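The structure under discussion appears below in the form of structure tokens.
Both ligands and their constituent atoms are indexed starting at 1 by order of listing. Keep in mind that this is a model prediction, so the values were computed, not measured.
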Amino acid sequence: IVTAGPTWEALDPVRGLTNHSSGRMGYALASALQDAGAAITLISGPAALHPPYGVNCIRITSAEEMAESVMANIATCDIFVGVAAVADYRPVVSAEQKIKKNSETLTLALVRNPDILAMVAALDNAPFTVGFAAETENVTSNAEKKLTAKGIDMIAANPVSGDNSAFNSDSNELTLIDKNGISHLSRCSKPLLAQKLTKEIARRYYETYPAKDS
Ligand code: C5P
């Protein structure tokens with residue numbers, strides 16, 4: 001399973017909270033993993049992309065829908081890669097009708113969304129879990145904290161500020177962290193980077209589960 005794209009947390013029927021994720025990294029990774037022989041379920045938030053040919057693509061809108069779809073498909077999953085930029089919070093209520101501008105200020109009450117990656121990693125018989133970390137500062141140390149906090153096998157961190165931002169870009173670079181240390185995949189196109197990352201995931205997966213058929 002690969003999750004990709006942003007999520008959309010509705011405020012009312014026409015507005016919502018979202019982010020700059022284009023979905024390109026997740027779609028490229030789904031394609032590269034499929035080329036390496038995996039049967040892929042791509043669970044995608046709103047993205048203006050066609051899913052790679054042959055990939056089972058499930059389109060969802062909100063983080064809660066993404067969590068539901070992941071859990072419905074996780075039982076037969078060997079490797080879970082959370083590339084989606086899941087919204088951390090959603091509005092407590094989503095108004096049934098368009099919110100009117102009746103006052104000078106408007107306060108939104110938000111509630112935490114489920115952490116899908118942490119939920120997957122905590123399952124009995126959890127798949128090999130890979131997370132992404134989009135960071136604006138201290139990329140490596142923040143990613144290391146997430147690896148531990150979420151209890152995942154590997155994290156791929158990318159910068160999302162300044163000229164080298166991964167968001168809405170054709171290229172990206174990744175710092176890979178797992179229990180054995182840190183390595184770096186230098187900046188290149190997202191499809192090429194996805195191929196390199198696929199090799200790194202496959203190597204660690206077979207190290208973790210040597211009995212699985214390689
Ligand atoms: O905590 P943060 O959002 O920075 O972590 C990023 C990683 O966690 C990504 O792999 C993302 O897909 C995943 N995530 C998730 N559910 C959330 C928030 C993030 O699966 N609610």
Inspect the contact between Glu9 and Arg90 and indicate whether a charged nitrogen and a carboxylate oxygen are less than 4.0 angstrom apart.
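Judged by the 4.0 Å cut-off on N to carboxylate O distance, Arg90 and Glu9 do not form a salt bridge.
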Sequence neighbours left out, cut at 3.5 Å: what donor-acceptor pairs do the side chains of residues 91-109 make with other protein atoms?
unit_1 : atom_1 : unit_2 : atom_2 : d
Ser94  : OG     : Ala10  : O      : 3.4
Ser103 : OG     : Thr105 : O      : 2.7

Could you go through Lys146 and Glu135, starting from their C-alpha distance and side-chain angles, then the distance that decides it, and tell me whether this counts as salt bridge (Lys or Arg N to Asp or Glu O under 4.0 Å)?
CA-CA 11 Å; Lys146 281 178 193 176; Glu135 300 294 344; 2.6 Å; yes
Indicate the atoms forming the closest heavy-atom contact of Pro127 with Tyr209, along with that distance.
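Closest pair (atom of Pro127, atom of Tyr209, distance): C-OH, 4.2 Å.
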Under the salt bridge (charged side-chain N to carboxylate O under 4.0 Å, His left out) rule, collect the residues that match up with Asp178, sequence neighbours excluded.
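Here the qualifying residues are Arg204.
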Hydrophobic side-chain clustering at under 4.5 Å (ILVMFWY, transitive links): who's grouped with Val14? Put none if nobody.
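When side chains under 4.5 Å apart are linked, Val14 ends up in no cluster with other residues.
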Proximal protein residues to ligand 1, non-hydrogen atoms under 4.0 angstrom:
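Within 4.0 Å of ligand 1, protein side: Gly82, Ala84, Val86, Asp88, Pro114, Asp115, Ile116, Leu117, Gly131, Phe132, Lys146, Lys150.
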